[in-house]
Amino acid sequence: MRYDLINNNQLLASYRNSVTSVHFPVGTPTLVAAKDELQTGLEGLLGRKILIQTNLSNASIVVGTVKSSNIIASLGMDQQLTKVGEEGFVILTTKKDQKNVIAIAANSDVGVLHGVFHFLRLLQTGQTIQNLSITSAPKIKYRLLDHWDNLNRSVERGYAGFSIWNWHTLPDYIDQRYIDYARANASIGINGAVVTNVNANATILTKEYLEKVAALANVFRTYGIKIYLTGRFSAPIEIGKLKTADPLNEDVKRWWKNKIDEIYTYIPDFGGFLIKANSEGQPGPQDYKRSHADGANMFAEALAPHGGIVMWRAFVYSNESPEDRLKQAYAEFKPLDGKFNDNVAVQVKNGPLDFQPREPFSPLFGAMTKTPLFMEYQLTQEYLGFSTHLVFMAPLFKEVLDADTYAKGKGSTVAQVIDGSLYGHSLSGMAGVANIGNDIDWTGHPFGQANWYTLGRLSWDHDLSSAQIANEWIRQTFGNDKGLVDTVAKMMLSSREAVVNYMTPLGLHHIMGYGHHYGPAPWFDKASRADWNPVYFHRADSIGIGFDRTSKGTNYLSQYAPELRKKYEDISTCPEDLLLWFHHVSWNHKMKSGRTLWEELCYKYYSGVDSVRRMQKEWNSLEKQVDKQRFQQIKMLLAIQEKEAVWWRNSCLLYFQTFSKMPIPPNYEKPDHTLEYYKNLNFPFAPGNGK
Ligand code: GCW
């Protein structure tokens, strides 16, 4: 939404030729917002005033719905419009009175807004606007940001400042940021925001706070965004003065029903609840020996008359130390398939563990046929270097979406599971844990915005490739010069593999610092639960390294389809990028490269650092093409990333070397500190632990 003047003169001239005046119907706040956006956008991009009026019969662009605009109604676009549903749009070059016009049309005002944003994107990314014939509809229905924001404005796992929701000054003070947030989301098709942390606080459900939530909902509504809350399961006790929160207890049910009815008096289009229950100490139905389905259905019944939904999180693991934590979500939820009400979706993290740099897809995606499953990604970089590392996540998201579950035979991708097409579910959803805070650039790292952008674009159309998304984002963020676009794209597209390599190559996982997850701590073994210790996950010993999850180990593999089981069970067919996720592998094991496992581990860690250094060089080459402030900012951030990548590499290799007893090959630069030095680093105030 920078809308900088187009600097390619030829293109500018041709756009100016095609875009002279706009017919825009009067109407709802959403149409007004769309009109304002189009005006701001066009005037910025084209550098001239654009006439936008209701009764311009000879405009070069005509916008609206059949209902709001006689001109749109007269253009005979029914056939295209039937394809785009409630939120999609059509952009068409057509004839009116023998003259070419561009029609931006939709079935709803929000669809018009989406169409306007898409049209602006065409201009910002330097595409032709001759002979347009675009029909676009979202593949996924619920496209959400989940904020882990607390009422005191701390953000759990937030690295971009405090929460943008200023509960203290709401509802009377409407920060321009709320409006810009809604604009940004609408520009990429996000249509829902869960504004509170899943580690929930019941206070949000009190009258005083619901008034504040309603004020936010009023801002969002104009932009087609619904508001959702997180439900504290024990709220009936905490703010309702009941003795129990048992979901089958009549008083409890009544309490939630009344509470939910009350919410709808404040927010008539309230979206529903996201709930974390019986996980990491949160209260839930199991406290009363009830199932997750009992808990979810209690909310679902109360929400159904209003059209609200429940997103029930599958991120659960018991309080007792488990045999293999990764097996638990499946064990809990698979037996409940078919037991959830129609307006319940189970929200599953992309991988079975916890937003690691690389995980296989969660086996639940291939296991529940009767329950709609929503995808949960994490945009905030809890395990990916916080907001100081440049990591473009589209390749991570796509890797999961493209993965084959084999649930209904070959070609049953995770994407088809979550867009509802594999089993014909009408509920479908994709959520990203937000990386947004009140930092001036929203995400702490300017490239963090690319991940927010990706969530929106992929949830609208999961067929987009990582390269396409990067290309669009770069053009809108930095400019259309080919050299610049190519260089930044290279940086972005290699950045995910870089972080995997310098943090957790070959399927290693969860070897981050304890609690705050900042930096490496593969040696850590002091946590109260076994599965909060990195040593639990990497299992390095004198023989080798890795977690045996095959049939000879924990048999977590049994939760996948036979085709996958077979492939991963056998060390010779198991993809090497997840080798140590599934196998305990001897240090001398021969890898495909001809190197031993130990040598390969060294190679990967060193190549991770090399990739960051390459990114630095690439960025430095752009000094003349990027404004000074952003150039410097990103240069400094890349320097931190390089320093931390070296820290990861050195400390992990020195530590693993105490088991392998093998040397780091002589051609590599030597670690500049001892293992003891790294072990003694301490970060009492690492960010993101906000309570
Ligand atoms: O990744 C873990 C985080 C917790 C988070 C939890 C969850 C909100 O470390 O901070 O809690 O996941 O997803 O519920």
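First listed ligand is number 1; within each ligand, the first listed atom is number 1.
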Quick one: is the NZ or CZ of Arg649 closer than 6.0 Å to the six-membered ring centre of Tyr502, and within 45° of its axis? no

Ion pair Lys349/Glu359, N-O distance below 4.0 Å: no

Side-chain donor-acceptor contact under 3.5 Å, Asp146 with Gln347: yes

Within 45° cone and under 6.0 Å: Arg549 NZ/CZ vs Trp581 ring: yes

Residues in the immediate environment of ligand 1 (any heavy atom closer than 4.0 angstrom): Trp148, Glu156, Arg157, Asn197, Val198, Asn199, Lys276, Glu280, Arg313, Phe315, Lys349, Asp354, Glu382, Tyr383, His517

Knowing that exactly one of Gln378, Glu382, Gln381 qualifies, which makes a side-chain hydrogen bond (donor to acceptor under 3.5 Å, both in side chains) with Arg157? Glu382

Does either side chain, that of Asn197 or that of Asn150, offer a donor lying less than 3.5 Å from an acceptor on the other one? yes

